[in-house]
Student: 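Below are the structure tokens for one structure; questions will follow.
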Amino acid sequence: MWSLHEVDIVSQPMIRIEGLTKSYGNAQALRGVSFEVPRGQVVGFLGPNGAGKSTTMKILAGFVTPTSGVAQVNGMDVTVDSVVTRRLIGYLPENNPLYEEMMVRDYLDFIADVRGVPREQRQARIRSAVDRCGLSAVLGKDIQQLSKGYRQRVGLAQAILHDPDLLILDEPTSGLDPNQIVEIRNLIRDLGREKTVILSTHILSEVQSTCSRVLIISEGKVVADDAPERLTTGEGGTVTVVLAPRSGAPLQPEQVRAVLAQVPGVTGVEAGEAEGGGTLGFHLRYGAEDIRRALFEAAVRHDFCLLEMKRQHVSLEETFRKLTGGEATNAGAPPRAA
Ligand SMILES: Nc1ncnc2c1ncn2[C@@H]1O[C@H](COP(=O)(O)OP(=O)(O)OP(=O)(O)O)[C@@H](O)[C@H]1O
């Protein structure tokens, strides 16, 4: 039977951050960050350069002290109970610093020692981390000989060695080639089946493919917190249509444009690509409302033949730009076809 204490711990969110601030001299890196992460969630932490992602992660991992506010892991304050909370956390810092001249095998053994993995469990834990991260072929190599993808695997292996409940991964796919990105992403997705994960990234499509929740941070504050798909669908998008005459009479572009502009929910009409043969193409902007049914009915009423209709939601990249008021990061996802 569970003790009262155990029941208490299990009902706690894995991460609880409340009113967190951090100043480096005059620079305010965090200006009151608050959020909770329940057990088992995989959360993407997005934000432009200097938004405060790494600072938040370093505070959680116990490497930086907050100026004010609360940061708890499993109900324990990371500044008060740091010895216990560090045991619950696996941390992959930004730029993944490793001991270059050590052999992978020796490095993992050293980390297991530092993390206090009991001697009798050490070999089993190292074997498990090596298997999960696909490192068996490079165990005898010096870290400096490894490719960036393998170095990242070593970074992940050291983070999971002590079997932590929470993984904090600061830009785990930064600098990797597309094949390596897919490998590391799959590994993170796999780890996310049994652990709580918070990862920061500049790759917006990564959040869509790996995370069930996205937190966007800008200038030290959380500006959005939702499922990736919910951050985009409510924002509207574009419907592209291609129309053809049903009877012999050719379509008059200005007349058709005026009809489309009247369709409830349409907020803008622009000329698009036609297919020749008297067809006309348009891009129609819409807000929160789905305009497809109304468009179909308008086409029937005015005797237009609707050859094509395709909806594209606003992309996460556009939402990101809007919320953070600046340039989007690299490799944003293209708009999603509905
Ligand atoms: N040790 C430090 N000393 C002084 N200022 C710092 C220090 N670390 C971070 N900062 C500043 O704090 C702010 C937040 O930095 P942080 O590294 O947390 O952002 P980030 O969102 O992780 O950015 P990036 O995506 O570029 O890694 C920035 O303005 C940064 O210059």
Side-chain angles (χ1 to χ4, degrees), residues 31 33-35 37 41-54 56 169-176 178 181-182 185 188-189 197-242 257 260-261 263-273 281-295 308-338:
R31 300 163 187 263
V33 171
S34 302
F35 63 87
V37 178
Q41 205 167 50
V42 180
V43 180
F45 211 22
L46 282 177
N49 289 122
K53 304 180 294 294
S54 296
T56 308
L169 311 176
D170 199 350
E171 298 194 29
T173 58
S174 146
L176 301 185
I181 286 178
V182 171
R185 231 182 243 176
I188 293 170
R189 213 180 286 139
V197 180
I198 179 161
L199 66 92
S200 71
T201 179
H202 284 261
I203 304 174
L204 304 180
S205 56
E206 187 149 292
V207 169
Q208 282 167 318
S209 65
T210 320
C211 306
S212 57
R213 175 176 168 200
V214 55
L215 281 163
I216 301 182
I217 182 167
S218 179
E219 296 178 352
K221 281 189 174 161
V222 174
V223 292
D225 177 0
D226 216 329
E229 59 278 9
R230 283 225 295 275
L231 273 178
T232 54
T233 44
E235 294 285 318
T238 316
V239 173
T240 300
V241 290
V242 178
R257 176 191 281 268
L260 295 175
V263 171
V266 171
T267 58
V269 181
E270 281 167 30
E273 297 73 44
F282 292 94
H283 299 298
L284 311 171
R285 277 195 305 282
Y286 67 96
E289 202 178 327
D290 186 353
I291 57 171
R292 290 173 299 175
R293 185 175 289 273
L295 267 175
E308 193 176 318
M309 174 154 68
K310 190 171 165 207
R311 179 172 66 164
Q312 289 187 303
H313 290 306
V314 161
S315 67
L316 185 56
E317 186 180 41
E318 286 167 81
T319 306
F320 178 91
R321 288 168 69 105
K322 204 166 113 186
L323 289 169
T324 60
E327 289 302 302
T329 51
N330 56 344
R336 289 180 301 120

Student: How about E206 and E171: do any of their side-chain heavy atoms sit closer than 4.5 Å?
Tutor: no
Student: With a 4.5 Å cut-off on side-chain heavy atoms, are H202 and N49 touching?
Tutor: yes
Student: If you take all heavy atoms of L169 and P172, which pair is closest and at what distance?
Tutor: O-CD, 3.6 Å
Student: Do E273 and H283 come close enough that some side-chain heavy atom pair is under 4.5 Å?
Tutor: yes
Student: Please check if the number of heavy atoms outside R189 that lie under 6.0 Å from its CZ is greater than 12.
Tutor: yes
Student: Less than 4.5 Å apart, side chain to side chain, heavy atoms only: is that true for F320 and P48?
Tutor: yes
Student: Run the salt bridge (Lys or Arg N to Asp or Glu O under 4.0 Å) test on D170 and K53 for me, step by step, so that the C-alpha distance in whole Å, both residues' side-chain angles and the decisive distance to 0.1 Å come before the verdict.
Tutor: CA-CA 8 Å; D170 199 350; K53 304 180 294 294; over 6 Å; no
Student: I need the L284 CG to T240 OG1 distance, nearest 0.5 Å.
Tutor: 7.5 Å
Student: Could you check whether any side-chain heavy atom of L199 comes within less than 4.5 Å of a side-chain heavy atom of C211, counting everything from C-beta outward?
Tutor: yes
Student: Between F35 and I198, is there a side-chain heavy-atom distance shorter than 4.5 Å?
Tutor: yes
Student: To the closest 0.5 Å, what do you measure between CD (E289) and OG1 (T267)?
Tutor: 10.5 Å
Student: Might you point out which heavy atoms bring P228 and S212 nearest each other, and give the distance in Å?
Tutor: CD-O, 3.6 Å
Student: For residues I203 and R185, determine if any side-chain heavy atom of one lies less than 4.5 Å from a side-chain heavy atom of the other.
Tutor: yes
Student: Report the residues that fulfil side-chain hydrogen bond (donor to acceptor under 3.5 Å, both in side chains) with E270, sequence neighbours left out, ordered by chain and then residue number.
Tutor: R285
Student: So, applying side chain to side chain contact (heavy atoms under 4.5 Å, CB included) with V239, which one of L295, V266, L260 is it?
Tutor: L295
Student: Is Q41 atom CD crowded by more than 12 heavy atoms from other residues, nucleotides or ligands, each under 6.0 Å away?
Tutor: yes
Student: Mind listing the closest non-hydrogen atom pair of G265 and I291 along with its distance?
Tutor: C-CG2, 3.5 Å
Student: Is a side-chain donor or acceptor of R311 paired with a backbone partner of G237 at a separation under 3.5 angstrom?
Tutor: no
Student: Can you measure from CG (L215) to CG (D225) and round to the nearest 0.5 angstrom?
Tutor: 4.5 Å
Student: Give me the atom names and distance for the closest heavy-atom approach of T201 to T173.
Tutor: OG1-OG1, 4.5 Å
